[in-house]
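Okay, so here's the structure we're looking at.
A quick note: this is a predicted structure, and the numbers were derived from the prediction, not measured. Atoms considered below: every heavy atom in the structure, side chains included; atoms not considered: hydrogens, waters and symmetry mates.
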Amino acid sequence: PATLCKLGAKRVRSVRCRGGNMKYRALRLDSGNYAWGSENVTKKVRILDVVYNASSNELVRTKTLLKNTIIQIDAQPYKQWYLKKFGVELGKKKKGDKK
């Protein structure tokens, strides 16, 4: 059966499978392991919002997490990693810019 994991405080249920093995089904999640592909780095980050889902707008309205859903995440772990590796602070405006 479809679980349709929602955005919220972490709630995970265990499900008994064939042979007495256990699977863990996420009913609600608030964080996940996401990769920054071009920089080849993966961090555990907080999920802020569900932005787009190609299958249905109702899944966006109800904040349902599925495969291939576009979400908004907290970028702070990536910013800290970038600052540590390259010494450049991301998202900061330069002093000369007037935009």
Residue pair Asn53 / Leu66, side-chain heavy-atom distance below 4.5 Å:
yes
Quick check: closest heavy atoms across Ala26 and Cys5, and the distance to 0.1 Å?
O-CB, 3.6 Å
Pairwise side-chain contact, Leu65 with Lys6, heavy-atom cut-off 4.5 Å (strictly under)
no
Would you give the length of the straight line joining atom NZ of Lys43 to atom CH2 of Trp36, rounded to the nearest 0.5 angstrom?
11.0 Å
Rounded to the nearest 0.5 Å, how far apart are CG of Leu29 and CZ of Arg11?
11.0 Å
Do Val41 and Tyr78 have side chains that get closer than 4.5 Å, going by heavy atoms?
yes
Hey, mind stepping through Asp30 and Arg46 against salt bridge (charged side-chain N to carboxylate O under 4.0 Å, His left out) and telling me if it holds?
CA-CA 6 Å; Asp30 58 352; Arg46 202 164 43 101; over 6 Å; no
Min side-chain heavy-atom separation Lys79-Glu89 under 4.5 Å
no
For residues Val88 and Trp81: do they belong to one hydrophobic cluster (side chain heavy atoms under 4.5 Å, members Ile, Leu, Val, Met, Phe, Trp, Tyr)?
yes
For residues Thr42 and Asn33, determine if any side-chain heavy atom of one lies less than 4.5 Å from a side-chain heavy atom of the other.
yes
When every non-hydrogen atom of Cys17 is compared with those of Met22, the smallest separation belongs to SG-C, 4.5 Å
Say whether Val51 and Leu48 are linked into one hydrophobic cluster, either directly or through other cluster members, by side-chain heavy-atom distances under 4.5 angstrom.
no
Does Thr69 reach the side chain of Tyr52, with side-chain heavy atoms less than 4.5 Å apart?
no
Do Thr64 and Val50 touch side chain to side chain, with heavy atoms closer than 4.5 Å?
no
What are the two closest non-hydrogen atoms of Pro77 and Asp74, and how far apart are they?
CD-O, 3.6 Å
Between the CZ atom in Arg28 and the CG atom in Leu4, the distance rounded to the nearest 0.5 Å is 12.0 Å
Would a hydrophobic clustering, with Ile, Leu, Val, Met, Phe, Trp and Tyr connected at side-chain separations under 4.5 Å, put Leu59 with Ile47?
no
Do Glu39 and Phe86 come within less than 4.5 Å of each other through their side chains, counting heavy atoms only?
yes
Between Ile70 and Val45, is there shared hydrophobic-cluster membership here, with clusters defined by ILVMFWY side-chain heavy atoms closer than 4.5 Å?
no
Quick one: does Thr62's side chain have a donor or acceptor within less than 3.5 Å of a partner on Glu58's backbone?
yes
